Amino acid sequence: MPAITAPRGTRDILPAESWKWSYIVSTASRTMRDFGFSEIHLPVFEYTELFSRGVGETTDIVEKEMYTFTDRGGRSITLRPEATAGVMRAANENNLCAQGAGAKLWSWGPMFRYERPQKGRYRQFYQIDAEYLGVAGPMADAEVIALSIELFRRLGLRNLEVIINSVGCEKCRPVYRQKLVDYFTARKDELCETCIDRLSRNPLRILDCKNESCRNAADGAPDIFGSLCDECREHFAQVRNGLERLNFTYSISKRLVRGLDYYTKTAYEILSGDLGAQNAVAGGGRYDNLSRAIGGGKIPGVGFACGLDRVALVMEEQGCSFGEVPGVSVYCVAMDDESRGAVQALTHNLRMSGISAECDTAGRGFKAQMRAAGNCRFACIIGADERVNGTVSVKNLADGSQVSVKAGEAVSYLEGKL
Ligand code: HAM
């Protein structure tokens with residue numbers, strides 16, 4: 001029988017990699033705390049309607065990429081393809097923004113999209129997500145963008161590009177949409193089939209089609225700045241001011257439209273020069289109509305999500321530090337079978353004192369135990385002599401020196417050394 005493998009587009013994050021992920025998540029946790037964000041955890045599956053209404057019926061995510069199934073109760077359920085809609089649902093359901101209060105929430109975990117797997121693109125991937133709810137003003141946008149830039153600074157990422165755009169609001173986007181429809185209808189024969197379909201359903205998405213002919217056609221397309229209403233124009237100017245005050249380098253990308261329909265006003269992405277085709281390490285923006293689209297109150301919001309898998313890839317490629325390599329400090333070694341009980345007790349005592357310790361539980365001989373101790377800083381050796389004398393031989397594995405300490409003092413001796 002062929003062995004069962006992990007499903008296509010998924011992978012196992014094994015110990016050789018998982019400690020690096022822990023470093024990224026704990027750095028994110030500290031950064032979020034420093035910016036006043038609190039951690040939340042939400043279901044990984046939601047009612048399908050949350051995403052069809054929230055992310056948008058005509059997006060690739062909803063049309064082609066969702067893992068949707070009917071549960072045993074006959075309800076349509078979807079594995080979350082992103083976190084923002086769920087965070088907004090939770091804010092509404094738990095009244096987190098009652099009486100105009102703001103809420104700063106962050107989370108991390110797996111997301112699911114049925115996409116074609118390639119480098120940096122998986123069907124189960126992980127996001128670190130931050131959402132600032134309840135504040136409509138541009139300072140919140142600047143703060144969220146600053147948070148993402150600061151996270152990447154702390155992780156040591158280099159060679160990043162911040163691109164921003166405005167996608168307007170329900171007042172001015174229809175005007176822009178019509179301009180695009182007029183423009184692209186005249187160039188219909190240059191568009192790919194998907195974009196011809198987009199022309200009636202979601203013409204803004206033509207702007208970020210990767211097809212060369214579509215890109216050429218889009219080169220001369222009108223930009224949104226000619227169509228923005230006064231409010232959106234002023235908002236964008238203030239976001240830019242906010243970024244410039246903090247001395248951030250960014251560029252304006254008129255083609256940045258994002259693949260989710262809930263955006264209003266600010267949209268942004270952070271790109272890495274070291275990722276290939278899937279070069280976005282983070283994306284986000286403002287979504288002032290999302291709450292109402294999913295049946296909630298009027299709660300504005302702005303946020304971002306960064307791809308943990310991609311951040312880890314770029315850090316690896318750039319040789320960034322992941323902090324201290326985790327390992328056990330002390331290995332307790334039994335020279336004979338009679339000493340195994342004492343070794344087990346010493347190991348547990350060390351662990352109770354917060355010293356990471358390991359011992360053999362498989363009945364291996366002295367030499368094999370010493371080999372296993374190889375990566376530790378100290379070996380605590382107990383044999384017949386030690387048992388008789390009530391001592392432990394503590395060997396410093398870095399310099400080979402060895403001392404004899406009283407059994408009752410071994411833990412405090414090592415506490416002083418580690
Ligand atoms: P998104 O641009 O779809 O936005 O995803 C954000 C990030 O998740 C991407 O920049 C990328 O790093 C990572 N990502 C997306 N798809 C994959 C994949 N298949 N494999 C690996 N990594 C992936 C959102 O999801 C929005 N919810 C962001 C947001 C939060 N907007 C406002 N608040």
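Residue numbers run from 1 in the order of the sequence given. Both counts, for ligands and for their atoms, begin at 1 and track the order of listing. Keep in mind that what you see is a predicted model, and the values were worked out from it rather than measured.
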Practice item. Answer yes or no: does an N/O atom from Gly307 fall short of 3.5 Å to an N/O atom of ligand 1? Key: yes

Check your understanding: Which heavy atom of Val333 sits nearest a heavy atom of Gln369, and at what distance?
Key -> CA-OE1, 3.3 Å

Revision key, fill the gap. Shortest non-hydrogen pair, Glu317 vs Asp274, comes out as OE1-O, 2.8 Å

Exercise for review: Go through ligand 1 atom by atom and flag the ones less than 4.0 Å from a non-hydrogen atom of Asp129.
Suggested key: 30 (C)

**Study point:** Per-atom contacts, ligand 1 versus Gly283 - under 4.0 Å to a heavy atom
**Key:** 10 (O), 28 (C), 29 (C)

Review point. Below 4.0 angstrom, N of the basic side chain to O of the carboxylate: do Glu17 and Lys20 qualify?
Key: no

Review point. Nearest protein heavy atom to atom 26 (C) of ligand 1, by residue and atom, and its distance?
Key: Tyr262 OH, 3.3 Å

Practice item. Using distance alone, determine whether Glu269 and ligand 1 share an N or O pair under 3.5 Å. Key: no

**Study point:** Salt bridge Asp129-Arg80, side-chain N to carboxylate O under 4.0 Å
**Key:** no

**Study point:** Closest non-hydrogen atom pair, Phe152 against Cys306
**Key:** CZ-CB, 3.8 Å

Review point. Is it the side chain (CB and beyond), the backbone, both or neither of Tyr132 that lies under 4.0 Å from ligand 1, heavy atoms counted?
Key: neither

Review point. At a non-hydrogen distance cut-off of under 4.0 Å, which region of Ile61 contacts ligand 1 (side chain, backbone, both, or neither)?
Key: neither

Review point. Are the side chain of Arg351 and the backbone N or O of Ala357 linked by a donor-acceptor pair below 3.5 Å?
Key: yes

Check your understanding: To which protein heavy atom is atom 32 (C) of ligand 1 closest, and what is the distance rounded to 0.1 Å?
Key -> Gly303 O, 3.3 Å

Review point. Can you find an N or O of Ala130 that's nearer than 3.5 Å to an N or O of ligand 1?
Key: no

Review point. Is it true that Arg198 and Asp60 have a side-chain N and a carboxylate O under 4.0 angstrom from each other?
Key: yes

Exercise for review: Report the part of Ala282 in contact with ligand 1, treating N, CA, C, O as backbone and CB onward as side chain, heavy atoms under 4.0 Å; options are side chain, backbone, both, neither.
Suggested key: backbone

**Study point:** N-O pairing of Lys254 and Asp219 below 4.0 Å
**Key:** no

Practice item. Considering only NZ, NE, NH1 and NH2 on the basic side and carboxylate oxygens on the acidic side, decide whether Lys179 and Asp182 come within less than 4.0 Å. Key: no

Practice item. For atom 29 (C) of ligand 1, state which one of Tyr268, Phe125, Tyr263 supplies the nearest heavy atom. Key: Tyr263

Point to revise | Side chain, backbone, both or neither: the part of Gln127 lying under 4.0 Å from ligand 1 by heavy atom | key: side chain

Exercise for review: Sequence neighbours left out, what pairs pass side chain to side chain donor-acceptor pair (under 3.5 Å) with at least one residue falling in residues 301-311?
Suggested key: Arg11-Asp309, Gln278-Arg310

Revision key, fill the gap. protein heavy-atom neighbour closest to atom 20 (N) of ligand 1 works out as Tyr122 N, 3.0 Å

Practice item. Cation-pi check, Arg121 to Phe125: give yes when NZ or CZ is under 6.0 Å from the six-membered ring centre and within 45° of the ring axis, no otherwise. Key: no

Check your understanding: At a 4.0 Å threshold, what atoms of ligand 1 neighbour a non-hydrogen atom of Glu115?
Key -> 16 (N), 18 (C), 19 (N)

Review point. Which bit of Glu131 gets closer than 4.0 Å to ligand 1, counting heavy atoms only: side chain, backbone, both or neither?
Key: side chain

Revision key, fill the gap. The protein heavy atom nearest to atom 12 (O) of ligand 1 is Ala280 O, 2.9 Å

Point to revise | Close N or O approach (Arg121, ligand 1; < 3.5 Å) | key: no

Study note, to complete from the structure: Closest to atom 3 (O) of ligand 1 (heavy atoms only, candidates Met111, Arg113, Glu82) is Arg113

Study note, to complete from the structure: One should read off an interatomic distance between Arg245 CZ and Arg240 CZ, to the nearest 0.5 angstrom, of 13.0 Å

Review point. Looking at Tyr287, which atoms of ligand 1 are within less than 4.0 Å of one of its heavy atoms?
Key: 32 (C), 33 (N)

Study note, to complete from the structure: Within the 4.0 Å heavy-atom cut-off, what Arg258 brings close to ligand 1 is side chain

Exercise for review: Enumerate the atoms of ligand 1 whose separation from the nearest heavy atom of Val281 is less than 4.0 angstrom.
Suggested key: 10 (O), 12 (O)

**Study point:** Gly120: numbered ligand 1 atoms lying under 4.0 Å from its heavy atoms
**Key:** 20 (N), 21 (C), 22 (N)

Point to revise | Over all atoms of both residues, closest heavy-atom pair of Gly9 and Tyr122 | key: O-CB, 3.2 Å

